[in-house]
Novice: 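Mind looking over this structure? Questions follow.
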Number of protein chains: 2
Amino acid sequence: MSETIEQKCLSKGVKLTDQRKIIAKVMSDSQDHPDVNELYLRVTKLDSKISIATVYRTVKLFEEAGIIAKHDFKGGKARYEEVSESHHDHLIDVNTGEIIEFVDDEIEFLQKKVAEKYGYSLVDHKLELYGIKKKS
Amino acid sequence: MSETIEQKCLSKGVKLTDQRKIIAKVMSDSQDHPDVNELYLRVTKLDSKISIATVYRTVKLFEEAGIIAKHDFKGGKARYEEVSESHHDHLIDVNTGEIIEFVDDEIEFLQKKVAEKYGYSLVDHKLELYGIKKKS
DNA sequence: GTAGATGCAAAGTATTTGCGACAAG
DNA sequence: CTTGTCGCAAATACTTTGCATCTAC
């Protein structure tokens with residue numbers, strides 16, 4: 001891990017309140033992709049007085065600062081994860097909800113090529129694969 | 001166009017009410033990716049008595065029958081389009097909101113390969129590219 | 001005739017916001 | 001100090017649902 005969320009806040013001029021420190025810690029410790037309510041549950045274990053409004057405000061802030069990433073997987077709720085060094089996409093098990101992170105350079109390259117073909121510069125992309133586990 | 005939405009309803013045993021016929025027509029005539037409210041506006045131009053609840057119920061029904069596709073592009077609202085012969089993905093202009101549909105067989109193939117690699121059968125996927133138009 | 005569809009309004013979710021109190025820089 | 005943040009509750013946006021009525025098959 002190169003830079004902690006707290007460090008990123010400082011370098012981006014985001015004021016570090018107690019609540020934000022706790023939310024930052026919870027995000028860092030999360031290996032999954034929690035939604036706001038799940039985040040709220042984890043956060044209130046560390047400080048029971050934090051309100052869900054603050055969690056909403058903070059994830060939005062962190063997202064706009066490029067510190068965490070927002071996903072809209074099927075299910076209606078926004079889910080978040082810390083932005084890491086390496087970009088990756090998601091393979092979602094439609095039965096269990098389990099999420100596998102993967103990288104495929106070839107696909108990345110082809111995406112850029114498609115955008116170019118239509119006269120665009122790629123600024124962002126979203127790739128989600130939904131699958132069912134094969135019996136082995 | 002091989003089969004109309006109405007024909008698909010019949011072959012899937014979906015009862016064809018007047019409201020559904022109108023919603024089917026509006027979907028067929030739409031070349032864009034309307035959200036439910038936009039759909040409601042278009043539908044009520046043809047029959048002002050259709051309620052938005054029926055539009056919600058109908059798009060859900062059509063989606064479950066595989067007749068139309070639901071997308072969750074950035075913006076929070078679900079958006080729909082008729083399912084056509086050819087599968088395609090979307091390139092979205094982040095400035096104008098314009099949506100370009102594209103197909104890239106190589107990417108399709110690689111997606112399947114990624115899923116296999118992790119022991120999964122691909123049942124669905126979502127690929128969205130977000131770009132800005134290059135000055136030419 | 002009957003199971004399923006509709007319209008309406010009320011109820012759910014997910015998320016945002018106004019405001020007075022409070023805290024970081 | 002002063003600007004921005006927090007907690008609370010009310011507000012908003014999108015979507016679903018209970019119920020009495022109506023309609024396609």
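Numbered from 1 within each chain, the chains take letters A, B, ... in sequence-line order.
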Novice: Can you list the other members of the hydrophobic cluster that holds A:Val103, where links are side-chain heavy atoms under 4.5 angstrom apart?
Specialist: none

Novice: Would you say B:Ser28's side chain and B:Ala24's backbone share a donor-acceptor pair under 3.5 angstrom?
Specialist: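 Yes, the answer is positive, given that a donor and an acceptor are paired below the 3.5 Å cut-off.
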
Novice: Taking NZ, NE, NH1 and NH2 as the nitrogens, is one of them in B:Glu6 or B:Lys25 under 4.0 Å from a carboxylate oxygen of the other?
Specialist: no

Novice: Taking atom CG of B:Leu61 and atom CD1 of B:Ile67, what is their separation to the nearest 0.5 Å?
Specialist: 7.0 Å

Novice: Taking only nitrogen or oxygen atoms into account, show me every contact under 3.5 Å that the protein makes with nucleotides 22-25 of chain C, one pair per line with its distance.
Specialist:
none

Novice: Is a salt bridge present between B:Lys8 and B:Glu3, judged by a nitrogen-to-oxygen distance below 4.0 Å?
Specialist: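 So B:Lys8 does not pair with B:Glu3 through a salt bridge.
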
Novice: With no hydrogens and no angle check, do the side chains of B:Glu38 and B:Tyr40 hold a donor and an acceptor under 3.5 Å apart?
Specialist: no

Novice: If you look only at pairs with a residue in residues 57-73 of chain A, which of them pass as a side-chain hydrogen bond (donor to acceptor under 3.5 Å, both in side chains), with sequence neighbours excluded?
Specialist: A:His71-A:Glu81

Novice: Does a side-chain N-to-carboxylate-O contact under 4.0 Å join B:Asp47 and B:Arg20?
Specialist: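 Result for this pair is no, no salt bridge flagged.
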
Novice: Would you list the pairs meeting side-chain hydrogen bond (donor to acceptor under 3.5 Å, both in side chains) in which at least one residue belongs to residues 101-115 of chain B, sequence neighbours left out?
Specialist: B:His33-B:Glu101, B:His87-B:Glu108, B:His88-B:Glu101, B:Gln111-B:His125

Novice: Among B:Asp89, B:Val114, B:Leu127, B:Ile107, find the one that has a side-chain contact (heavy atoms from CB on, under 4.5 Å) with A:Leu127.
Specialist: B:Leu127

Novice: Using the heavy-atom set of chain B and a strict 4.0 Å cut-off, write down the first and last nucleotide of DNA chain D that makes it in, 5' to 3'.
Specialist: D:dC14 to D:dC25

Novice: Which letters describe nucleotides 11-20 of chain C, given B = protein heavy atom under 4.0 Å from base, S = only from sugar-phosphate, - = neither?
Specialist: ---SBBBB--

